[in-house]
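Working notes for the structure below.
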Amino acid sequence: MRTPCSGCTAGLEPGSRYVAVCPRPWLGRTAYLENLGQALEDLVALSDLRVLFVPFHESQDPPVAARPAFAGRALSLPAVTSAPLLAAVLGGAEAVVAMRLHSGILSATVGTPAVVVDYDPKTSAFAAQTGQSEWCVSVDDLETPAGAAVLSAKLGRTLAQAGARRASLARATAPLRAEAGRTAQMAVQLAANGSVYPGGGKA
């Protein structure tokens, strides 16, 4: 069982196991959010896991937690402005659903496997660099009628193979772990500043 830090998952019962979710708006689309929500509903219906939404841009990130079927099994943190706290939140998760690039980077450096929602070449490149391409779901696929089932399957396999995934991730990210503190601070700073990549997208 993962051990979240004291106080970094306020609102979750002590000892709760959770999946951290870092969504983002994308091109005004909404179908992928519906399928994301459905996949997470399926998760909480079939397990004892909670869902913890971790906003990087609180005013921009789309609301997914407000779904009646969650029935107290999901909550959203306020925007995290502390790099160590952000690392602890993602490090305490069983898995991360990462649509924010820097949530994926930081979850990798703290050893938590991610299901990456791939919306841009930089997210697919990150997944490849960390050996997680198999667990990517493109935002276009997530928009299809089968999108929720595809995401559910990849998330379910990640949780079922957690030990193997963590070991594989540790090998792939060994060079990054020394930079984990700097990466955490960079992620927080980029989120706070709304940093724009050269291609025009935000992290």
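All figures in this text were calculated on a predicted structure; none of them were measured in a lab.
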Identify, with sequence neighbours excluded, every residue that meets side-chain hydrogen bond (donor to acceptor under 3.5 Å, both in side chains) alongside Ser152.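 Per chain and number, Ser152 pairs via side-chain hydrogen bond (donor to acceptor under 3.5 Å, both in side chains) with no residue.
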Carefully, step by step, assess Val44 and Leu40 under the rule side-chain contact (heavy atoms from CB on, under 4.5 Å). CA-CA 6 Å; Val44 299; Leu40 295 172; 5.8 Å; no
As a quick check of understanding, evaluate side-chain contact (heavy atoms from CB on, under 4.5 Å) for Arg166 and Thr112, giving each step before the final call. CA-CA 7 Å; Arg166 288 180 186 279; Thr112 303; 4.0 Å; yes
Are [X] and [Y] packed together at the side-chain level, in the sense that at least one heavy-atom pair is separated by less than 4.5 angstrom?
| X | Y | answer |
| --- | --- | --- |
| Ser103 | Val54 | no |
| Leu155 | Glu94 | no |
| Leu151 | Asn35 | no |
| Leu142 | Val150 | no |
| Leu52 | Leu75 | yes |

Joint hydrophobic cluster, [X] plus [Y], side-chain heavy atoms closer than 4.5 Å:
| X | Y | answer |
| --- | --- | --- |
| Val117 | Leu33 | yes |
| Trp135 | Leu49 | no |
| Leu27 | Leu36 | yes |

Which atom of [X] lies closest to which atom of [Y], heavy atoms considered:
| X | Y | value |
| --- | --- | --- |
| Tyr18 | Ala88 | OH-O, 4.1 Å |
| Thr144 | Asp140 | CG2-O, 3.4 Å |
| Val116 | Ala127 | CG2-CB, 4.4 Å |
| Asp118 | Cys136 | CB-SG, 4.3 Å |
| Ser107 | Leu90 | N-CD1, 4.1 Å |

Closer than 3.5 angstrom, by distance alone: can the side chain of [X] be matched with the main-chain N or O of [Y] as a donor-acceptor pair?
| X | Y | answer |
| --- | --- | --- |
| Thr158 | Lys154 | yes |
| Glu143 | Tyr32 | yes |
| Thr123 | Asp120 | yes |

Could you walk me through whether Leu43 and Leu159 pass the side-chain contact (heavy atoms from CB on, under 4.5 Å) check? CA-CA 10 Å; Leu43 174 71; Leu159 294 166; 3.7 Å; yes
Applying side-chain contact (heavy atoms from CB on, under 4.5 Å) to Leu101 and Tyr119, what does each step give before you reach the verdict? CA-CA 10 Å; Leu101 175 63; Tyr119 64 93; 4.1 Å; yes
In Å and rounded to the nearest 0.5 Å, what is the CZ to CE distance from Arg24 to Met99?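 So the gap between those two atoms works out to 6.0 Å.
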